[in-house]
Amino acid sequence: MSPRYAYYPGCSGLGSSLEYDTSTRAMCESLGVELVDIPDWNCCGSTPAHAVDHLLSACLAGRNLEIADGMAEERKLDGIITPCPSCLKNLKTTQRSLSDPEFRRKVEQVLGKPLRAGLPIKSVLQVVVEDLGVEALGRLVKTPLAGMRVVPYYGCIMVRPPRLMRFDDPENPMALDNLLRELGAEVLPFALKTDCCGAALGTVRKDVVARLSGRILDAAVEAGADAIVTACPLCQMNLDMRRPQINRANRSRHNLPVFYYSQLAGLASGQGEAATMMDKLCVSPRLLLNSLAQHTGERA
Amino acid sequence: MASSLDELKTAIRKALPGLDVVIAWTAGPDALSHAPLFITEEADVARIEWDPRCSQNLAGYLPGLRGKKAGIVAKGCDVRSIVELLQEKLIDREDVVIFGLDCQGAVDARSARAALGSSRGVRDVAIDGASVCFSVNGEPRFFSPGEVLQSKCFGCAGADAGLCDHFAGERGLPPQFGNPPESTLERLEAMDMEERLRFWETQMSRCIRCYACRSACPLCVCQDHCAAQSREPHWVDQTDHPREKLMFQAIHALHTAGRCTECGECERACPMGLPVMTLKRALNRRIKDVFDYQAGIDPNQTPPLFEFREVETNIKEREW
Amino acid sequence: MNIGVFVCHCGSNIAGTVDTEAVAKAALEYREVVFATDAMYACSEPGQAGIVEAIGTYALDGVVVASCTPRMHEATFRRTLERAGLNRYMFEMANIREHVSWVGKDKAANTRKAAELVHMAVEKLRRNERLQAGEFDIAKRVMVIGGGVAGIQAALDCADGGLEVVLVEREPSIGGKMSKLDKTFPTVDCSSCILGPKMVDVAQHPNITLYALSEVDSVDGFVGNFNVTVRRKAAYVDWDACTGCGECAAKCPSKKTPDRFNEFIGLTTAINIPFPQAIPKKASINANACIKLTKGKCGACAKVCPTGAIRFDQKDELVTEKVGAIIAATGYDLFDFTKYGEYGGGRYPDVITAMQYERLLSASGPTEGHIRRPSDGAEPRDIVFIQCVGSRDKSIGRPYCTGFCCMYTAKQTILTKDHMPDSQSYVFYMDIRSPGKNYDEFTRRAMEEYGAKYIRGRVSAIQPKNGRYLVKGADTLLGRQVEIEADLVVLAVGAEAARGAGELAEKLRISYDPYGFFLEGHPKLKPVETNTAGVYLAGSCQGPKDIPSSVAQGGAAAAKALSLLSKDKLASDPQVSGVKLARCIGCGKCESVCPFGAIEMIEFRGMPKASIIETVCQGCGVCTAACPQGAAQLRHFTDNQILAEVNALCL
Amino acid sequence: MSVTEGKELRIIGFLCNWCSYAGADTAGVGRFAQPTDLRIVRLPCTGRINPLFIVRAFMNGADGVLVSGCHPRDCHYSEGNFYARRRLETLKALLPVIGVDPGRFEYTWVSASEGQRWRSVVASFTEQVHALGSMPRFMSGTSLDLCLRPAVQPRVF
């Protein structure tokens, strides 16, 4: 039976990272993973909620868990998945903190409902890499990303804290590396793959993001990459949308495009640029995609 | 069975010149159970009996005959005791000649007596498929196997003819009688802990400390040196208290753990009819579960308590 | 029997939570107790004198002392009894300190418990026998396992003391870790200059037989009479013929063999003598690298060898040595730092271990003492040292402090400055552990005179950057992040138990801790003994140690072996099993379970019987529990003695 | 001075000298507070333990029996605890048949350094035995007295 998951897109999936959400859905469909949207889901609280009030954060995330749990049996769900590492971290943290009975009672009191929170929670990436295997994705490849030199960028929380996330090596994760290699790309070693991009400080401390994200871009260029590939909406936004800010602050002229891995998966499996919403990227991948097409054409 | 008996007699007559003694059964004082017969000359062979009253396991005599060439007539279950004795090197294989027989089931004299009302007038016993027929003063009386046979006959695996030097009768599986009657162990398991203690208290208060169970046990090789009657070591007190008698039963059970073949001699011999095989049965069940071992199958195996594995796959140790 | 009971206060250790007077009073009610008293310190001189006096006054023939654990003072009080003319085994202890006063809070309950423990001891004592020790012959030879500095010291001391020594070394040469070091702290003297002469002494000592390239295969026997089988691994060279001239290595075409001695940062030949000062100075062939042994062709070495010593068909050889004592000095191995992803997990060529750095510093190393980066051979300028790699880190299962890394790191910063005056060393540390003579002064010199920059904090990541490495870490004293660009990163990898330590411990029947280090007999009072009589420990096999401590322990272990073997005969422990022949039916169950083969079946008046070989019996009692008749009885722990304790408690 | 004064139960520990007895000492040295019910019998090795000691203890009215030795492979005598493990596992089948709750008997492994573990073993086992309460005792008096009690009707099974 094909796997079926409750799907939590996260707020950015409907806005700033629409291309991530869209391409993730398309990827899941082609892999035979059925996604059941959590009805009436709400924001997980993101960074601000848990920075101010743990109970608030747990209640926001807990409500989503409660809805998913409510339909788990009827819809025969294998778990809850989300593309966004930050949402994932909030959902998982909440699930864990609910094991404290006293805290759980408080959350239940606020929500006015008993909570089960028993479904496994994973990232879409984890399901693809661990449950289906990257080979499953490889089998869908029609136009390999041959000649595309990429560095994978996981961000800080996709694999950390390790005891909470329980996914891949916390220091040197290889999930994306292996996945992108399966798509035909040339994956370069990237020492900064789990460094911080500056995250939500982009709104209040632009200088910090400029420094941290700048460093990632510098390293990617030094490594000889044509593009950065990420799995996190916030990372992608910092590296992509804030590129002019970063370039201005660092007096750099980086023009590397920053893809979501799901976009490249779609591209390689022949979904086309429109379907993978390549036009949503701020730093245009046009040149790279053209040369890729040329490369593929030459081979053909 | 008549033809098996003739076959047996022929085999014994032939083998007797090379043997000091052959142990078989003959009609004894009790009409419901035959007595042992020690054959030293050919004239005795005619007295051999073979029918379901040959309940006694004769293997227990073998260690005492060590050093002599001995023949022994054995049912399938008796062979298991012989295997166990061989395994523990308490008898020497080259000195023992085994005459195997095609047993159809053996009578439990105590229940048969209760079923018949008396053992008087019983001339013959025969097992015919699903029923046991006693001919009492010329009249046949039929009983179900559960009423009159030994509990071990249920689920009998038959004789391993391969171990026998001679085999009389049909080789192959013995009759299957279906489910055995409820055992004491099953009855006990339905009780709570205190009831079990009280059960034994009551049972053991009737024990007369005759040690017939021990004397009959083919594996109780200590005999005169039994720990139950020594002061060095002083395991059991001589006071007439059920606790001390149960202690002896525990000693017997633990000393035969992994060795007992459940031949039933202890219960057969008990003059008070106490369920003294229950403890051994419980231990055997555990040994089967944990060590995947059954006594009396292979003469080359080691009983499980005299060896070990560094990693015991079936033992789940308690995590604190 | 007249029994005396002495209840110790142990100052307030016991008396604080146990009413010792009440315990003594209760003891007077127990059978055959004729005298009972409490005493301030039973083990002290006046305490023991009181026991001796009471034995005389009350004609005691047995004594119970209720005090600390018998593992502490049983031997002490047994000697006291002997002084008073009693048999040492007519004594029992009730442990009312470790098992009562220190763990129970309720004084009434403690007092009750103490009184019952005394009752148990009295009941056991009533069944004690006056046991006499026997005597047996011993082999006046010692085996030292491991030829590092600790093993060398132990072997030399034993040999100088007149014992024959068999020294077994796993590698082709003795010398151990110390032979790889360039200099030693805190004197910065040349390691091989001080170790070399000792190694030569080993080679030349008439009392020492050296088996290099050999391992212990099996150990049987017992104190005074061990039989150790040693596997002499094939060197593919006849060492009796080999002169160590080195012609073979010069001609060997397989020149790209990773060099074990140089910690794999250099290359060597398939046939080689590991280093110039090697003892024995004999060539051996690395079978995995030798072209002849792997592909069947070549044989260049055999052609040039002037003595014709090459033997491609050589096989492992087993030799058995009878020895009276064994000294384990198997040392340590270095922690495998690739478990640390943040340091690159082994992906970066210029992130190396301190031992590799030591080989770079050494004049006999692959770079002849010039510091060069493994990646490009360039001379580094900025060097970052990271301490506690595989030490004090629970997350990777190494919670202990290796203890000597702080010192060797300081030494390496000093040597770095000496080699390259323009260089700059940075040291990330957790705490500086320098509690030794001149040690702290030495680390201060590294900072103050040699300008090493010490940063208190851990490193979070090492990332390549423009051909160098960006080392990111925290300075916890300043409370801020630091980033240092380095040409070379040196990891102060910690010590872990030598590979195969657990297996060797099992062969020697000694215990080891969860990390594989051998357990000493007592952490304070028996630091070189083990719980197996006749087996001693020296050096880092017992726990990480620096050179002076290893040498000291080597000497200490030698002294223990010398004192053990100074006697012509040893007294056997009479607490062994015995078989009552009258009860034994010869079933052989005891024989089948004995872990030591200490039981043999004999014939007695035509009947098979079991018989204990008393010198082989270790006193475990497995046979006693297996004997259905109770014929085999472990003396001092007989069925009746244990039953008496059980009955005292709950009848 | 009966042990049952107050709320204590009778718990007997059979400990090997080399690991668990030393572990109990380590717990003592560390002042790890424990319930006071347990009384320890010191033996050279768990291999010395005849399971009948434990049966005897229960027959005599012990409420709980705890056996502890060296971890497998760490036995001072190399094999003693392996035999002990088999013997004690077998014993576990006997006790419930004679009316001893399985929770009254446990065996475990505690090394000389595991003082904390020893403390928690003692605490958990004591708690476990207390949850079962005191062991029902055999009637006093001889078999004859018992037979004469009207409530007891000997039955033949």
Side-chain angles (χ1 to χ4, degrees), chain B residues 110 114 184-185 187-189 191 193-207 227 235 239-247 249-251 253-254 257-258 272-275 278-279 282-287 289-291 304-312 314-315 317-318 320, chain D residues 50-53 55-56 58-61 72-73 79 81-87 89-102 104 106-110 117-118 120-125 132 135-147 149 151-157:
Chain B
R110 193 183 320 278
T184 308
L185 188 53
R187 260 176 261 195
L188 270 169
E189 278 168 346
M191 302 181 192
M193 289 296 159
E194 177 152 10
E195 282 169 347
R196 297 182 195 188
L197 183 90
R198 298 294 163 230
F199 168 84
W200 287 111
E201 196 167 51
T202 310
Q203 291 291 331
M204 286 299 135
S205 67
R206 299 175 53 242
C207 167
W235 285 100
T239 47
D240 178 30
H241 193 286
R243 179 186 65 213
E244 300 303 318
K245 301 174 196 171
L246 182 57
M247 184 69 204
Q249 291 304 330
I251 292 176
L254 280 163
M272 302 307 285
L274 302 175
T278 307
L279 296 181
L283 293 184
N284 275 346
R285 195 171 57 185
R286 176 135 192 112
I287 283 167
D289 290 348
V290 178
F291 306 116
L305 295 190
F306 299 98
E307 62 169 11
F308 61 84
R309 303 237 155 74
E310 288 198 9
V311 176
E312 303 272 10
N314 293 336
I315 294 181
E317 279 161 31
R318 175 92 146 76
W320 292 89
Chain D
N50 190 326
L52 289 164
F53 288 133
V55 179
R56 187 75 257 184
F58 282 119
M59 295 270 175
N60 288 2
R73 292 172 200 273
E79 295 177 355
N81 52 0
F82 290 130
Y83 286 111
R85 183 165 62 182
R86 286 201 155 202
R87 291 168 181 166
E89 275 297 322
T90 307
L91 176 72
K92 281 185 175 176
L94 182 89
L95 297 176
V97 180
I98 59 172
V100 179
D101 194 284
R104 294 185 187 276
E106 295 282 1
Y107 74 92
T108 189
W109 317 123
V110 173
R117 182 175 149 85
W118 175 251
S120 73
V121 165
V122 173
S124 334
F125 185 67
L132 293 165
M135 169 85 189
R137 307 293 291 269
F138 279 91
M139 306 286 170
S140 55
T142 61
S143 300
L144 189 62
D145 299 331
L146 269 162
C147 286
R149 269 189 304 131
V152 177
Q153 289 296 318
R155 274 164 64 204
V156 179
F157 279 135

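We name chains A, B, ... by the order of the sequence lines, and we start the count at 1 in each one.
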How long is the gap from CG on D:Asn81 to CD on B:Glu310, to the nearest 0.5 Å? 9.5 Å
Between B:Asp289, B:Leu188, B:Ile251, the one whose heavy-atom pairs under 4.5 Å with chain D are most numerous: B:Ile251
About how many Å separate CD1 of B:Ile287 and OG1 of D:Thr90, when rounded to the nearest 0.5 Å? 4.5 Å
Side chain, backbone, both or neither of B:Arg285 within contact of chain D (heavy atoms, under 4.5 Å): neither
Drop me the distance from B:Arg286's CZ to D:Glu89's CD, to the nearest 0.5 angstrom. 5.0 Å
Measure the shortest side-chain to side-chain distance between D:Arg86 and B:Glu307 over non-hydrogen atoms and say whether it is less than 4.5 angstrom. yes
Heavy-atom closest pair (B:Leu197 atom, D:Ile98 atom, distance to 0.1 Å) is CD1-O, 3.7 Å
Looking only at heavy atoms, what is the nearest atom pair of B:Ala282 and D:Ala93, with distance? O-CB, 3.7 Å
Supply the atom-to-atom distance B:Glu312 CD to D:Phe82 CZ, rounded to the nearest 0.5 angstrom. 8.5 Å
Are the side chains of D:Arg85 and B:Phe308 in touch, meaning some heavy atoms are under 4.5 Å apart? no
Residue among D:Pro72, D:Pro96, D:Pro51 with most heavy-atom pairs under 4.5 Å to chain B: D:Pro96
Determine the option with the most heavy-atom pairs under 4.5 angstrom with chain D, choosing from B:Gly258, B:Pro304, B:Ala227. B:Pro304
Rounding to 0.5 Å, atoms CZ (B:Arg196) and CG (D:Asp101) come to a distance of 8.5 Å
Should the pair D:Arg137-B:Glu194 be classified as a salt bridge under the 4.0 Å nitrogen-to-oxygen rule? no
Do you know which of D:Val110, D:Val100, D:Val55, D:Leu94 has the most heavy-atom pairs under 4.5 Å to chain B? D:Leu94
Name the region of B:Ala250, side chain, backbone, both or neither, that has any atom closer than 4.5 Å to a heavy atom of chain D. both
Quick check on B:Leu283 against chain D: is it the side chain, the backbone, both or neither that has a heavy atom closer than 4.5 Å? both
Classify the ring geometry of D:Phe53 against B:Trp235: parallel below 30°, tilted from 30° to 60°, perpendicular beyond 60°. tilted
Max heavy-atom pair count under 4.5 Å with chain D, selected residue of B:Thr239, B:Val290, B:Leu246: B:Leu246
Tell me which of these, D:Glu106, D:Arg87, D:Met135, has more heavy-atom pairs under 4.5 Å with chain B than the rest. D:Glu106
D:Pro136 versus B:Met193: any side-chain heavy-atom pair under 4.5 Å? no
Nearest heavy-atom approach of D:Tyr107 to B:Glu317 is OH-CG, 3.8 Å
